[in-house]
Amino acid sequence: MSDDFKKNLDLALGNAKRLSNKILIDGKLISAKSSNKIKVVNPSTGEKIGEAPQCDAHDVDTAVGSAETAFHKWKKIPARERGKMMTAAARKLEDRRDEIETLLALDTGNALRTQAKPETAASIELTHMFAGLAGEIKGENYPPNIPNTIHYTTKDPIGVVCAIIPWNAPLFLTVAKIAPAIVAGNTVVLKTAEQAPFCALLVCEILQQELPPGVLNVISGYGEECGEPLIAHEKVRKVTFTGSFSVGKIIAMKAAPKLCPVTLELGGKNPNIIMSDADLEIAIPGVIDGMRYTRQGQACTAGSRVYIHEKIYDKVLEGAVDKLSKLKMGNALDETSDIGAIISEEQLKRTLYYMDIAKKNSSTEILHGGNQSKGGEYKDGFYYEPTLLSGLPVSSPVCQEEVFGPVACAIPFKSFDEVMKSANDTQFGLSAVLWTKDLSRALQFVDEIEAGFVQVNQCVAPRANVSYGGIKMSGLGKEYAFDSMINHFTQSKTVLINRGKSNIDV
Ligand code: ADP
């Protein structure tokens, strides 16, 4: 173990220990009312790194009570003042960047150099962006279309926001939800993911130091026991969620009886399409980047259906396999690792389940990977080789369902019409990528593809000021840009004020 690796690990373990068994209520780290605990494990080694409180409806009530009390004062603070506080909070994140990125790698198993550091940088930038947009929260002034009447709309905070996040990008998704909600004048109760609770808690602890107590509260626990009472709580007036489609559907139903608005960022089975005229210098690395192999494929935007024109099929796959063979998998806190560990044993089993289906199909060709990595440095951690498959029928569950692991399927095609039909033949509509030098083809793709996040000749990850979200079964609403703050975290009044003259005379 190198000196840097040991230093990173010690820093992260120290924070995990300090935050173990804590929730954030009313500006303070405290113990939960529930005495039950969730064991938290380092995905890279399988070792226990701490415990998270298994909060229940009592803890939900305390957290919502804190947020509700804080809301009545917070909403009256001018938006620019709220923004300044958020800027000061974002600066604190910068100051403690090392702590955040190492804890993120420990919590998630996502490699420090390729994932945790960029996610931390992107999260700080996003927090700054929303802080700076505070002064843009404003309604509209209407022309005098009703005689003697001043007519305008407001953009007001909604109230207590419930934010529920998953484990795959817990830092970026935390700030993507809480920064716009808080700057817009709401208060928040965040429920972290049971598999990776510590980094989100650390970041909220830091942010909360620059905010009035109770504006940001954090609890941990399981979906049914903690998430559902939080959504259903009568004082919660907005729900924002990122996670699986199956849970998103439950969340929408739980929020429905009180007509509580919901924002949902759900899954995808995203097409990455390489036309025969594509520039392969960028398209081949695009297969690897697009699949998010360096995040073990655990990304909603992973381009896991790799459609390749038959004329260049072998060449692209040869290039992709060559690139895959150069990626180093290992402990997330070791900066020489390109790829880290899968989040949990349960998620590893999910990859094994889909690979079992693939291996049982006689037409499957495993071009790269295809095995769980065991023994040696992988002993007790949750590792699976980055895997590229060919030959599976498109109807196979491996090509249709979200594996959320490091498994991509290559699929040959003959024509644009054929590939578009297949690419759109899914319940999901999150992200889609096309590689071509033909501009009119690219524009036709943009017109016809059923996806909310569409890219041509690149496959960058979502980031600040890129409006991101899915259509079809991939979600409701867009995040990460200014419109998300207005659309998801404010409500509007239409105001008509008579100037003191009767309209009847006009
Ligand atoms: P993943 O498959 O990525 O773990 P999930 O959708 O299962 O994603 O979980 C994402 C988040 O949703 C986690 O914080 C989890 O605890 C929460 N969750 C799971 N089930 C429910 C539920 N029934 N109600 C509210 N939250 C839930």
Side-chain angles (χ1 to χ4, degrees), residues 23 32 34 36-41 43 52-57 59-60 63-64 107-110 161-174 176-178 188-201 204 217-233 236 238-258 260 262-269 292 295-302 304 342-351 353-354 382 401-406 428 430 470 473-476:
I23 55 177
S34 160
N36 294 328
K37 313 285 178 213
I38 301 170
K39 179 177 162 191
V40 184
V41 163
Q54 188 182 326
C55 296
D56 56 20
D59 293 302
V60 165
V64 175
D107 229 8
T108 58
N110 291 342
V161 171
C162 149
I164 299 182
I165 54 161
W167 44 262
N168 68 324
L171 171 53
F172 189 75
L173 296 172
T174 290
K177 294 180 184 309
I178 66 174
V188 174
V189 177
L190 174 80
K191 190 199 87 62
T192 54
E194 52 272 34
Q195 300 88 341
F198 293 136
C199 186
L201 182 56
C204 292
N217 305 274
V218 183
I219 55 176
S220 53
Y222 291 118
E224 278 181 32
E225 190 183 20
C226 177
E228 290 188 17
L230 177 58
I231 296 161
H233 197 289
V236 166
K238 163 77 196 181
V239 175
T240 174
F241 169 78
T242 297
S244 61
F245 163 66
S246 52
V247 172
K249 212 162 60 168
I250 296 171
I251 284 176
M253 288 191 294
K254 295 281 165 197
K258 55 178 182 175
C260 183
V262 291
T263 306
L264 302 174
E265 294 293 351
L266 309 178
K269 189 72 187 175
R292 314 288 188 234
R295 209 198 289 167
Q296 302 77 256
Q298 301 170 135
C300 307
T301 53
S304 51
I342 287 177
I343 183 76
S344 64
E345 192 171 359
E346 194 188 345
Q347 278 300 122
L348 175 61
K349 282 188 185 151
R350 189 178 163 96
T351 294
Y353 164 79
Y354 282 105
F382 314 124
E401 295 168 19
E402 194 178 31
V403 178
F404 224 66
F428 296 115
L430 188 55
M473 299 291 206
S474 288
L476 275 181

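Keep in mind that what you see is a predicted model, and the values were worked out from it rather than measured. The first residue in the sequence is number 1, and the count goes up from there. Heavy atoms only: backbone and side chains are in, while hydrogens, waters and symmetry mates are out. Every number for a ligand or one of its atoms is a count from 1 in the order of the listing.
Counting non-hydrogen atoms of neighbouring residues, nucleotides and ligands closer than 6.0 angstrom, the NZ atom of K37 exceeds 12 such neighbours.
Evaluated for a side-chain contact (heavy atoms from CB on, under 4.5 Å) with V64, the options I219, V236, D59 yield exactly one hit, V236.
In this structure the side chain of L266 never reaches within 4.5 angstrom of the side chain of K249, judged on heavy atoms. I38 has its side chain out of reach of S220: every pair of non-hydrogen atoms, C-beta onward, lies at least 4.5 Å apart. Proximity of V247 to F241: side-chain heavy atoms (C-beta onward) are separated by under 4.5 Å at one or more points.
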N/O contact list for ligand 1, threshold under 3.5 Å:
from: ligand 1; atom 1: 3 (O); to: W167; atom 2: NE1; distance (Å): 3.4
from: ligand 1; atom 1: 4 (O); to: W167; atom 2: NE1; distance (Å): 2.9
from: ligand 1; atom 1: 6 (O); to: S244; atom 2: N; distance (Å): 2.8
from: ligand 1; atom 1: 6 (O); to: S244; atom 2: OG; distance (Å): 2.7
from: ligand 1; atom 1: 14 (O); to: I165; atom 2: O; distance (Å): 2.8
from: ligand 1; atom 1: 14 (O); to: K191; atom 2: NZ; distance (Å): 3.1
from: ligand 1; atom 1: 16 (O); to: K191; atom 2: NZ; distance (Å): 2.8
from: ligand 1; atom 1: 16 (O); to: E194; atom 2: OE1; distance (Å): 2.7
from: ligand 1; atom 1: 23 (N); to: E228; atom 2: OE2; distance (Å): 2.7
from: ligand 1; atom 1: 24 (N); to: G223; atom 2: O; distance (Å): 3.4

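Here T301 pairs with R292 under the side-chain hydrogen bond (donor to acceptor under 3.5 Å, both in side chains) rule; sequence neighbours left out.
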